[in-house]
Number of protein chains: 2
Amino acid sequence: MAQETKEKIVGEAMRLFAVKGYGATSIADILQASGANSGSLYYFFPTKQDLLLEVLRRYQAGIADMLLAPAWEGLSDPIEKVFALLAAYRHMLVATDCTYGCPIGSLALEIHEPDPPVRALLAENFEGWVLAVEACYRDAAARLPPDIDRHALSIFTLTIMEGAVMQARTHRNLLAYDASIAMLRDHVARLEAAAKNSTDYQNQGDLT
Amino acid sequence: MAQETKEKIVGEAMRLFAVKGYGATSIADILQASGANSGSLYYFFPTKQDLLLEVLRRYQAGIADMLLAPAWEGLSDPIEKVFALLAAYRHMLVATDCTYGCPIGSLALEIHEPDPPVRALLAENFEGWVLAVEACYRDAAARLPPDIDRHALSIFTLTIMEGAVMQARTHRNLLAYDASIAMLRDHVARLEAAAKNSTDYQNQGDLT
DNA sequence: GTCTATAACCCGATAGAC
DNA sequence: GTCTATCGGGTTATAGAC
């Protein structure tokens, strides 16, 4: 069946791009892994870049079901959801002996050419991630100081995840990852404490 | 002169690996840019990876003179030195229209193979950076709470720089970079405030 | 140490029958 | 849509004269 062949190609491309990178994955690698033939692949994807674009669209479309839902299963506390997401990347690192973490981040630094369509999809993937985390911080409502920018805090969270994954991959251990996430925990805890104090002051004010 | 040829080759390799990446830079590119001939390059560096190792050794050896000294010129405040270093990466992004930032980070995510010697040098580069920042935080002495781990804070700082550069490159703008660095500023400011409060308490205690 | 020429290989992509 | 065979070009690296 045609759809099956296409799915197999895209699935193996997703896997191989994540494991070996885009440049280091040859079309021959994808053909061998998927069991498809050259003619079939080029029937669906005229160029290798078209296949990359499809892979990035899949990541984008799958962020809720493939990434967030499994990470957030059984959780309701919005702040815990943020750290559960970061724990999901930690699991990915553990499961691969710190060989890879975030496929989008790896591709983002590998693609050096302008490649506007590729870069736009990488950016959209980042934006989807940031928006999901931002929703958590918004749900945390009064637990955070009202004057801190939730969008900026979400960007900061992505920044830390990507930088921490990079170091884990380089050192092949989780020390820098854990230290970085612990620092973010500390920062969020300080924000919560600051919000609580100002609320206490406010309540004090109401009582006078 | 032999040494001159070698220096030209290494210099252009440093530049091209940073701009185009390791895999996307061919030996032919380096030969053309340096004006050297194939025979000369392979006389000094038997394989392309040997050239990469030399490039990484140069980055490591040059961190003080090439990176820190220019960024810290005229500065003495240790906390300001940390943010001046982060500003240096911002300048690099601005100067290249957000095309590249940290060569070590880019190479770290590009190299997917185990490549133990390469990865060891990447790790040493990160460690040198972290130790330099750690020295700043140590010099800040009593301005930070005594119970916070200066080494972990330095790793956190590198994490943020790398993650922020990645997003700047992807979005081709500085919004995520500036937002991330501003958040680190806020975090450090909160640490300084916490240290000051606890010192005040202590002084208060001395007065009773 | 430097030069030129080229080997040996792998890559993305295509042609054309079925 | 699927298959096989292959093209044209770029890659790292080498050979051997100077």
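Throughout, protein chains are lettered first and strands after them, A, B, ... in sequence-line order, and every chain is numbered starting at 1.
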| message | Taking CD in Glu80(A) as the centre, count heavy atoms belonging to other residues, nucleotides or ligands within less than 6.0 Å. Is the count above 12? | response | yes
| Counting distance only, does the side-chain N/O of Arg150(B) pair as donor-acceptor with the main-chain N or O of Ala141(B) below 3.5 Å? | yes
| request: Hey, can you tell me if His171(B) and Phe126(A) have their rings parallel, tilted or perpendicular (30° and 60° cut-offs)? | output: tilted
| task | Find the distance Leu51(B):CG to dA13(D):C1' and express it as a whole number of Å. | result | 14 Å
| query | Once you round it to whole Å, what is the distance between P of dT12(D) and CD1 of Ile30(B)? | reply | 8 Å
| task | Look at Arg58(A) together with Glu7(A) and state whether they make a salt bridge at an N to O cut-off of under 4.0 Å. | result | yes
| task | Quickly work out the Asn37(B) CG to dA13(D) P distance and round it to whole Å. | result | 17 Å
| query | For Gln3(A) and dT2(D), what is the distance between atoms CD and P respectively, to the nearest whole Å? | reply | 10 Å
| query | Nearest of dT2(D), dT2(C), dC3(C) to any side-chain atom of Thr5(A)? | reply | dT2(D)
| query | How many Å lie between CZ on Phe45(B) and P on dT14(D), as a whole number? | reply | 15 Å
| query | To the nearest angstrom, how far is Lys8(B) atom NZ from dT2(C) atom P? | reply | 14 Å
| request: Identify whether NZ of Lys or CZ of Arg in Arg185(B) sits under 6.0 Å from the centre of the six-membered ring of Phe83(B) and within 45° of that ring's axis. | output: yes
Under 3.5 Å donor-acceptor pairs involving side-chain atoms of residues 99-113 of chain B, not counting sequence neighbours:
unit_1: Thr99(B); atom_1: OG1; unit_2: Thr96(B); atom_2: O; d: 2.7
unit_1: Ser106(B); atom_1: OG; unit_2: Cys102(B); atom_2: O; d: 3.2
unit_1: Glu110(B); atom_1: OE1; unit_2: Tyr22(B); atom_2: N; d: 2.9
unit_1: Glu110(B); atom_1: OE2; unit_2: Tyr22(B); atom_2: N; d: 3.3
unit_1: Glu110(B); atom_1: OE2; unit_2: Gly23(B); atom_2: N; d: 2.6
unit_1: His112(B); atom_1: ND1; unit_2: Glu110(B); atom_2: O; d: 2.8

| Tell me: OH of Tyr43(B) to P of dA15(D), nearest whole Å? | 17 Å
| field | Sequence-aligned protein contact record of nucleotides 9-15 of chain C, with B where the base is within under 4.0 Å of a protein heavy atom and S where only the sugar-phosphate is | value | --SSBB-
| field | Interatomic distance, Ile9(A) CD1 vs dG1(D) P [rounded to whole Å] | value | 12 Å
